[in-house]
Every structure is written in C-alpha cells, then in structure tokens.
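Here's the structure, in structure tokens; my notes come after.
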Amino acid sequence: MRQSADTQKKILALNWKMHPATIGKAKELFIDTKKATKNAKRATIVVAPPFPFLAELRKLSVRTHMYLGAQNVHAEKTGAHTGEVSVPMLQSLDVSYVILGHSERRATGETDGVINEKVRGALKAKMQTILCVGETSRDQSGSFFNFVEDQVRTALAEVPAAHIKHLLVAYEPVWAIGTGDHATPLQVEEMRLFIKKVISDIYSRATAEKINILYGGSVDGKNIETFLMETSCDGFLVGGASLKEKEVHDMCARIEAYDA
Ligand code: PGA
C-alpha cells in the first residue's frame with residue numbers, strides 16, 4: 001500500500017464525482033491532471049475518480065506524485081452487500097484516501113450512523129479518511145456550529161484515539177458546493193478552529209493539532225489564493241474545478257507559490 005502524504009504539504013483532493021463519462025476520458029483527465037501538477041512539491045495531489053476507473057488509473061499513477069482516492073466505501077470488509085465496495089478492495093488497488101460523509105451522499109439518505117460505521121472501518125484499516133461536514137444554511141443564531149459539532153461527534157463515535165491519525169476533516173458548507181458562492185476565509189478559519197476544538201474535547205489537544213482540516217465549496221484556481229493567505233487550512237477538497245486542467249494547474253501553482 002502506498003504510504004500517506006506528508007502532513008506539512010497542502011492537500012489538493014480532486015473529487016471527480018460522477019465524471020467523466022468514459023474510461024477514455026478519465027485517462028485523458030488523469031494525464032492532464034498529472035501534467036498540470038507536475039511541479040507539485042508543496043501540494044499532495046489526491047484524485048478521487050468513480051470506482052470503475054480506479055484500476056486503470058492506478059496504472060497511470062505508479063511512480064508519480066499522485067495518490068488515488070475513492071468517493072465512498074462500505075463499512076464491512078466483505079459479505080453479502082450487493083453493489084458495495086470494501087476497504088480491502090480499494091487498498092488492493094493502492095487507493096489510500098477515501099471521502100466519507102459527502103453532502104451529496106448524505107442527500108441520498110446516508111445517515112450519521114452509517115457514516116460513523118464507514119469512518120470506523122476505514123480508519124481501522126489505516127485509510128486516509130476525509131470526513132466531510134458542513135451546514136446546509138446559516139442564520140444569525142450560530143446554530144450551524146452545533147450542527148457541525150454533532151456531525152463530527154457522531155462520525156467519530158467509538159473511534160479509538162489510536163486510529164484517529166488517519167483522519168482529515170473537510171469543512172464543506174452545503175450552500176457553497178457547486179454554487180460558485182464560496183465561504184469567506186473568515187468563515188472557513190472560524191470553523192476550522194471550531195472543528196479542532198471539538199476534536200480536542202473528544203480526544204486531546206495534541207491529537208487535534210495533528211488532524212488536517214480542509215475546505216471545500218467552489219474552490220478554484222483564482223479564489224484558492226485568499227484561502228491560502230487568510231486561513232490556516234491544510235488543504236482543499238475540490239469538485240467542479242478538478243475537471244478542468246487549467247484550474248488544476250492554477251490551484252497547484254498557487255499552492256507552490258504560497259510562502260507559508
Ligand atoms: P465544488 O465541490 O468544488 O464543485 O463546490 C466540492 C465538493 O463537493 O467536494
């Protein structure tokens with residue numbers, strides 16, 4: 001299994017969602033992504049394509065700077081679960097990251113309880129687990145903080161401290177996903193600190209300090225700069241812009257140029 005990324009680098013996790021339409025196009029996009037990020041030294045590039053493309057893209061990712069991720073996984077290692085994919089299957093394809101709890105999966109009925117089972121299974125197997133959390137909307141009362149806290153706490157219920165080092169949390173406010181209406185750096189930074197505090201309360205301060213917090217929601221080659229300058233996010237989870245070579249190039253270039 002490929003080892004996980006250097007935690008000092010910024011993570012650029014590219015969530016292709018249900019794109020592109022064919023394996024031919026997926027290979028093209030992967031090669032374009034490889035070119036666009038070839039100078040990455042300060043960025044860890046993670047590509048999360050649809051399941052059917054993983055085996056072929058693995059061949060293209062050998063001895064590169066790119067890691068493979070999956071967009072979902074089942075909690076059990078094996079069994080009668082029609083249509084599901086397990087952690088050992090993914091690991092046998094050198095997939096080292098998995099995105100869990102994405103709002104688009106929650107919208108299909110995936111509950112906090114199911115997400116918790118998946119998170120436990122993935123972390124136990126040492127997968128780099130990107131847990132997505134985020135409110136659907138905000139109001140003046142600030143209740144979205146409680147909402148996000150509940151999501152973090154239920155997802156991490158009964159996760160032993162020994163497994164937590166493979167966790168990453170992506171703050172993805174639902175209102176910012178695919179809308180072009182990204183959160184402000186202040187909103188992101190505030191929530192980043194809040195999530196750290198929640199993890200610190202559950203585990204310890206030292207544990208929380210080591211957990212990478214990403215931001216996702218309409219990140220692109222232009223606005224990524226303000227998040228680099230004005231937040232301490234450890235990386236980004238990117239949807240729409242991950243399908244465009246120029247955007248990927250610009251995001252990576254801005255990470256490289258950013259003087260931490
Ligand atoms: P977006 O998607 O970049 O298109 O907003 C982000 C995500 O869903 O992870």
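Counting starts at 1 for both ligands and their atoms, following the listed order.
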Numbering as shown, the atoms of ligand 1 that approach [X] to under 4.0 Å (heavy-atom distance):
X: Gly217; value: 5 (O)
X: Ile177; value: 2 (O), 5 (O), 8 (O)
X: Asn15; value: 9 (O)

Among Ile115, Leu167, Asn116, which residue satisfies the side chain to side chain contact (heavy atoms under 4.5 Å, CB included) criterion with Leu156? Leu167
Proximity flag [X] to ligand 1, non-hydrogen atoms under 4.0 Å:
X: His102; answer: yes
X: Gly216; answer: no
X: Ala241; answer: no

Does any N or O atom in [X] lie less than 3.5 angstrom from one in ligand 1, N or O only?
X: Glu172; result: yes
X: Gly178; result: yes
X: Gly239; result: yes
X: Gly240; result: yes

Determine whether the side chains of [X] and [Y] contain a donor N or O and an acceptor N or O closer than 3.5 Å.
X: Trp16; Y: Gln71; result: no
X: Thr64; Y: Ser61; result: no
X: His65; Y: Thr37; result: yes

Got a salt bridge between Glu135 and Arg138, using NZ or NE/NH1/NH2 to carboxylate O under 4.0 Å?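 Here Glu135 pairs with Arg138 in a salt bridge, since their nearest N and O are under 4.0 Å apart.
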Taking Lys196 first and then Glu209, would you say they form a salt bridge - that is, a charged N and a carboxylate O separated by under 4.0 Å? no
Lys197 NZ to Glu149 CD distance, which is reported to the nearest 0.5 Å: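 Here the interatomic distance stands at 8.0 Å.
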